Participant: 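Here it is, the structure, as structure tokens.
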There are 2 protein chains.
Amino acid sequence: MSEIQSLARGLKIMELLAASSDPVSITELAAELGIDKSSASRLVQTLAIYGYAEQDAASRRYRLGPQVVRLSRSLLTRMPLRDAAKPFLRQLVERTGECAHLAILAQDQALYVDQVESAASLRVTTGVGTLAPLHCTALGKCLLAFDNGIASPQALPSFTPRTITDPQALRLHLEQTRRQGYAVDDEEYDFGVRCVAAPVFDYRGKVIGAIGISGPAGRMGLDRLPHFAQVVLDAARELSNRMSFQRA
Amino acid sequence: MSEIQSLARGLKIMELLAASSDPVSITELAAELGIDKSSASRLVQTLAIYGYAEQDAASRRYRLGPQVVRLSRSLLTRMPLRDAAKPFLRQLVERTGECAHLAILAQDQALYVDQVESAASLRVTTGVGTLAPLHCTALGKCLLAFDNGIASPQALPSFTPRTITDPQALRLHLEQTRRQGYAVDDEEYDFGVRCVAAPVFDYRGKVIGAIGISGPAGRMGLDRLPHFAQVVLDAARELSNRMSFQRA
DNA sequence: GCGGATTGTTGTGCATTATACAACGCAGCG
DNA sequence: CGCTGCGTTGTATAATGCACAACAATCCGC
């Protein structure tokens, strides 16, 4: 009995509220969780009391409350990696003209925790807070390839014809990624989007995140990838150096 | 008995984790909430299972988990006001050279939900997710002055010598704010920082947020404030027009 | 404007559940 | 090597949250 039922249910409700773009009714919540309407009502009321949910005055339906933004802020502002990475992300944008991202490992997925946008009108942005699969993004592959403790994902869902879906092929691909020190996503997650990323290590040599750039395949030709990779690698190495001096 | 105890305790734990910059121990959590260590342990374990908390491997202490960032993202990206306001914030930065912000009312405070930074090296940034008091910020005063339903804050804490701490004085000040249609913060919250803000209304004429600019007192001289106010007012009015056509 | 249907909220008894107390394993440290 | 402080794990008890049901409120078509 290591899981508090009502807390778990409350968290699940928040996730349901987050997943749906429109406000959700009590009945829908109850049906989705397989619990009674009255339980769902009281749980979501408790969430509302503390600002984690709020009900639309007109429709009586519930949506996520503003309190979650506060939690998010205090997490992001207290992340030393994020502060340290910011100038390097800016540098990457300056040198490559593409958008730069920082991601960490969260729940066996890549969580984008910061982004610097390029000035190009055609650009590839991935909002802060996005979760992306590990096996088909450059940032994710870095986390996957350089982190020892992480288990390979069991399912390899396909997003484009180029997505690597064979476990053996992925293993070889990650092997190559390790050798060259950086990862490439060649239109494996989004059509027409290529990414290059490199891992960031802490003082113990453990992967704590990855930084990289994303751009349209047109500007990020395969012949230019090695150049981009070098730029990203340089930034990631310098950032890793910085991170060696602070803990966590 | 409309409040589910264990869910409420879990939420309080998240707030404690968010409030503390360093990881928190189980004992501290238990003491802070006035509950037993074992209860705190199981609650925070449940949070950890779902990614809302995570424990530092070395110290066994707990900090906020990455899942909260996801929740925040889905809230912010589904906020029509935020999308609609973005170009106006950019416009404000272009026209004034100062940082522009968008805030909404949350838990009787001003919650900053978006920001566009200026290029100036000396600039006043307020991170997305920040909560600020209503009575001493320009954005907050807008929410306070133009929202009928909201009660005046009971306590008026002072942050600088200029903070308005007398309820009667605040009432008069808000009256003037209503008349002129915009609010001014003249170094009442941060030394050397002045802000100008104007309210945003929806199709029913209800306040749904406020936009404004913040800058160092040096550049935002009192003689220039009327000009800035006009620029902010124009943007807020146009944004309100846009918001009239979509609900919520 | 009105009846029917759907939805959200409010009692209440019961049983599940979360809780407090205590014991245990495990570090760090003198 | 024993001590102390910490986090986790049993366990019994009782408080708590749950399902069922009735109620209130809203929306729908006609």
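Just so it is clear, the model here is predicted, and its values are computed rather than measured.
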Participant: If you check the B:Ser39 side chain, which of D:dA19, C:dT9, C:dT19 turns out closest?
Facilitator: C:dT19

Participant: Would A:Arg61 and A:Gln55 count as a side chain to side chain contact (heavy atoms under 4.5 Å, CB included) if you check the C-alpha gap in whole Å, the side-chain angles of each, and the deciding distance to 0.1 Å?
Facilitator: CA-CA 5 Å; A:Arg61 286 155 170 265; A:Gln55 67 177 335; over 6 Å; no

Participant: With a 4.0 Å cutoff (strictly under), does any side-chain N or O of A:Gln5 reach OP1 or OP2 of D:dT16?
Facilitator: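 So the side-chain polar atoms of A:Gln5 never come under 4.0 Å of the phosphate oxygens OP1 or OP2 of D:dT16.
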
Participant: Is any side-chain N of the basic residue among A:Arg82 and A:Asp114 closer than 4.0 Å to the acidic one's carboxylate O?
Facilitator: yes

Participant: When the distance from NZ of B:Lys12 to C1' of C:dA18 is rounded to whole Å, what number comes out?
Facilitator: 15 Å

Participant: Give the residues of residues 21-30 of chain A touching DNA chain C, defined as any heavy atom closer than 4.0 Å, sorted by residue number.
Facilitator: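 Result for residues 21-30 of chain A: A:Ser25, A:Ile26, A:Thr27, sorted by number.
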
Participant: Considering only heavy atoms from C-beta outward, does the side chain of B:Leu7 approach that of A:Ile4 to under 4.5 Å?
Facilitator: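 No, their side chains stay 4.5 Å or more apart.
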
Participant: What integer distance in Å separates B:Arg9:CZ from C:dT17:C1'?
Facilitator: 13 Å

Participant: Of all the nucleotides listed (C:dG11, D:dG17, C:dT9), which has the minimum atom distance to the side chain of A:Arg42?
Facilitator: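 The closest nucleotide is C:dG11.
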
Participant: Nearest whole Å is fine: how far is C:dA18 P from B:Gln45 CD?
Facilitator: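 From B:Gln45 CD to C:dA18 P: 13 Å.
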
Participant: Test side chain to side chain contact (heavy atoms under 4.5 Å, CB included) on A:Arg171 and A:Glu175 and set out the steps.
Facilitator: CA-CA 6 Å; A:Arg171 180 186 306 273; A:Glu175 188 58 47; 5.9 Å; no

Participant: Once you round it to whole Å, what is the distance between C1' of C:dA18 and CD of B:Glu3?
Facilitator: 15 Å

Participant: Is any side-chain nitrogen or oxygen of B:Tyr62 closer than 4.0 Å to OP1 or OP2 of D:dT8?
Facilitator: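 Checking B:Tyr62 against D:dT8: at least one side-chain N or O falls below 4.0 Å of OP1 or OP2.
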
Participant: Can you check the B:Asp36 CG to D:dC6 P distance for me, whole Å?
Facilitator: 14 Å

Participant: Excluding sequence neighbours, so at least two apart, what forms ring-ring contact (aromatic ring centres under 6.0 Å, His included) with B:Phe88?
Facilitator: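 In terms of ring-ring contact (aromatic ring centres under 6.0 Å, His included), with neighbours along the sequence ignored, B:Phe88 is linked to no residue.
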
Participant: Heavy atoms from C-beta onward define the side chain here; which of C:dT17, D:dT9, D:dA19 lies closest to that of A:Ile35?
Facilitator: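 The nucleotide sitting nearest to the side chain is D:dA19.
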
Participant: Within the structure, does a side-chain N or O atom of A:Arg60 lie under 4.0 Å from either OP1 or OP2 of D:dC27?
Facilitator: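 No, because none of the side-chain N or O atoms of A:Arg60 sits under 4.0 Å from OP1 or OP2 of D:dC27.
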
Participant: Looking only at the side chain of B:Ser41 (C-beta and beyond, no hydrogens), which of the listed nucleotides D:dT8, D:dA19, D:dG17 gets closest?
Facilitator: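 My answer, after comparing the listed nucleotides, is D:dT8.
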
Participant: To the nearest Å, how far apart are A:Lys37 NZ and C:dT10 C1'?
Facilitator: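 Taking NZ of A:Lys37 and C1' of C:dT10, I get 12 Å after rounding.
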
Participant: Assess whether side chain to side chain contact (heavy atoms under 4.5 Å, CB included) is satisfied between A:Tyr112 and A:Thr137, documenting all intermediate values.
Facilitator: CA-CA 11 Å; A:Tyr112 288 68; A:Thr137 59; 4.3 Å; yes

Participant: If you compare every side-chain N and O of A:Gln55 against the phosphate oxygens of C:dT9 (OP1, OP2), does one of them come in below 4.0 Å?
Facilitator: yes

Participant: Taking C-beta and beyond as the side chain, do A:Gln45 and A:Tyr62 meet within less than 4.5 Å on heavy atoms?
Facilitator: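 Sidechains of A:Tyr62 and A:Gln45: in contact.
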
Participant: Given C:dT10, D:dT8, D:dC18, which nucleotide is nearest the side-chain atoms of B:Ile4?
Facilitator: D:dC18

Participant: At under 4.0 Å between heavy atoms, what does A:Arg61 touch on the DNA or RNA strands: base, sugar-phosphate, or nothing?
Facilitator: nothing

Participant: Within this structure, what is the CD1-to-C1' distance between A:Ile13 and D:dC18, rounded to whole angstrom?
Facilitator: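 So the CD1-C1' distance, A:Ile13 to D:dC18, works out to 13 Å.
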
Participant: In the structure I gave you, are the side-chain heavy atoms of A:Glu54 and A:Val44 within less than 4.5 Å of one another anywhere?
Facilitator: no

Participant: Starting at the 5' end of DNA chain C, which residue's closest nucleotide do you reach first, A:Val44 or B:Leu43?
Facilitator: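 First, find each residue's nearest nucleotide; the 5'-ward one identifies A:Val44.
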
Participant: Using a heavy-atom cut-off of 4.0 Å across all strands, would you classify A:Ser38 as base, sugar-phosphate, or nothing?
Facilitator: base

Participant: Looking only at side-chain N and O atoms, does B:Ser6 come under 4.0 Å of OP1 or OP2 in D:dG17?
Facilitator: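 Indeed, a polar side-chain atom of B:Ser6 lies that close.
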
